[in-house]
Amino acid sequence: AAGVIQSPRHLIKEKRETATLKCYPIPRHDTVYWYQQGPGQDPQFLISFYEKMQSDKGSIPDRFSAQQFSDYHSELNMSSLELGDSALYFCASSSGRQKPTYEQYFGPGTRLTVT
Amino acid sequence: AQKVTQAQTEISVVEKEDVTLDCVYETRDTTYYLFWYKQPPSGELVFLIRRNSFDEQNEISGRYSWNFQKSTSSFNFTITASQVVDSAVYFCALSLGMDSNYQLIWGAGTKLIIKP
């Protein structure tokens with residue numbers, strides 16, 4: 001079965017650079033979530049989108065922005081990168097609100113290293 | 001407020017032993033959803049199970065079983081005859097569904113080490 005696709009899988013950037021992470025949800029899933037997971041921590045919710053509209057916002061820094069496109073894929077844009085942004089970034093998707101399954105299916109993650 | 005507690009930071013057992021991972025949750029809502037996710041060393045998060053608050057039936061899937069007890073607000077996970085491949089961090093999570101925009105409230109995770 002198709003899973004959530006994230007690209008790139010690994011990314012190395014320098015401080016103050018920008019990065020764009022991409023997420024392709026499971027087909028027919030219309031909700032996308034972004035998480036940040038630091039070493040030894042649980043995933044921290046950043047932001048979510050439902051039907052291309054932002055549905056909820058968590059601890060996403062102002063330097064980050066995200067959007068969901070017409071094909072339901074989502075991009076997380078990160079600017080002025082800091083060393084503390086080094087983490088594993090997960091995208092998750094879930095099915096529609098009319099027949100929700102509630103569980104979120106996660107992509108493999110993008111490991112971002114800021115040097 | 002909602003909260004998920006996984007008191008066991010790390011558990012180490014020898015292969016073939018049974019092991020139980022504890023999860024205690026807090027919520028005042030009567031409708032909620034509980035989840036277990038597995039994160040192996042490779043890093044991906046794998047969905048294992050969802051349990052609805054109105055369904056207290058326990059579930060067994062192969063060597064995995066889950067014990068949901070509303071009376072003690074617990075949703076424990078047992079691995080029978082553990083194997084080295086079970087080594088991972090296991091997260092318990094809670095969602096209030098639509099009331100919380102389907103957000104997941106995570107426990108801190110339990111690192112399970114299965115020694116050969």
Side-chain angles (χ1 to χ4, degrees), chain A residues 1 3-6 8-10 23 25-26 29-51 53-60 86-113, chain B residues 2-10 21 23 25 27 29 31-55 59 61 66 68 75 88-113:
Chain A
V4 177
I5 297 172
Q6 288 187 248
R9 294 292 309 275
H10 301 272
C23 168
I26 291 172
H29 279 194
D30 52 20
T31 305
V32 167
Y33 308 80
W34 285 98
Y35 292 86
Q36 177 192 59
Q37 186 181 29
Q41 297 181 358
D42 58 288
Q44 296 295 308
F45 171 70
L46 294 178
I47 195 167
S48 62
F49 292 88
Y50 167 65
E51 285 290 349
M53 299 284 288
Q54 180 182 308
S55 58
D56 213 345
K57 198 169 181 179
S59 52
I60 185 169
S86 295
L88 195 52
Y89 289 84
F90 285 106
C91 169
S93 74
S94 64
S95 74
R97 302 292 175 88
Q98 283 142 5
K99 287 181 71 176
T101 61
Y102 301 107
E103 57 263 28
Q104 297 176 23
Y105 292 90
F106 284 77
T110 294
R111 187 169 297 280
L112 172 67
T113 302
Chain B
Q2 292 75 43
K3 186 179 177 183
V4 176
T5 301
Q6 294 179 257
Q8 304 150 309
T9 305
E10 184 174 306
L21 310 182
C23 173
Y25 61 93
T27 179
D29 284 53
T31 300
Y32 52 89
Y33 308 86
L34 296 164
F35 306 82
W36 276 95
Y37 284 87
K38 173 183 180 180
Q39 188 171 38
S42 50
E44 72 270 25
L45 276 164
V46 180
F47 166 74
L48 295 179
I49 190 171
R50 182 196 81 218
R51 176 59 68 216
N52 306 332
S53 57
F54 42 87
D55 178 8
E59 182 154 338
S61 176
W66 290 269
F68 176 33
F75 186 42
V89 177
Y90 290 85
F91 290 99
C92 180
L94 165 72
S95 172
L96 301 183
M98 193 183 302
D99 288 353
S100 64
N101 282 321
Y102 304 94
Q103 275 198 49
L104 290 173
I105 299 153
W106 298 84
T110 296
K111 183 175 184 179
L112 178 62
I113 300 169

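Below, read A as the first sequence line, B as the second, and so on, with proteins coming before strands; counting in each chain starts at 1. Fair warning: this is a prediction, and the values are worked out from it, not measured in the lab.
Here A:Y33 contributes atom OH and B:Q103 contributes atom CD; the two are 8.5 Å apart, rounded to the nearest 0.5 Å. One distance of note links CD1 of B:I105 with CG of A:D42; it measures 11.0 Å at 0.5 Å rounding.
Proximity to chain B (any heavy atom under 4.5 Å) is restricted, for A:Q41, to the backbone atoms N, CA, C and O. Residue contact with chain A, scored on non-hydrogen atoms closer than 4.5 Å, involves the backbone and the side chain of B:L104 alike.
Here the side chain of B:Y37 pairs a donor or acceptor atom with the backbone of A:Q104 at under 3.5 angstrom.
Shown here is B:R51, whose CZ atom has more than 12 heavy atoms of other residues, nucleotides or ligands within 6.0 Å. Counting non-hydrogen atoms of neighbouring residues, nucleotides and ligands closer than 6.0 angstrom, the NZ atom of B:K111 reaches no more than 12 such neighbours.
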Problem - B:Q39 vs A:F90, side-chain contact (heavy atoms from CB on, under 4.5 Å): CA-CA, chis, key distance, verdict - result: CA-CA 12 Å; B:Q39 188 171 38; A:F90 285 106; 3.4 Å; yes
Practice task
May I have the step-by-step check of side-chain contact (heavy atoms from CB on, under 4.5 Å) for B:L48 and A:E103, ending in yes or no?
Solution key: CA-CA 10 Å; B:L48 295 179; A:E103 57 263 28; over 6 Å; no
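Taking each heavy atom of B:W106 and A:P43 in turn, the nearest pair found is CD1-O, 3.5 Å.
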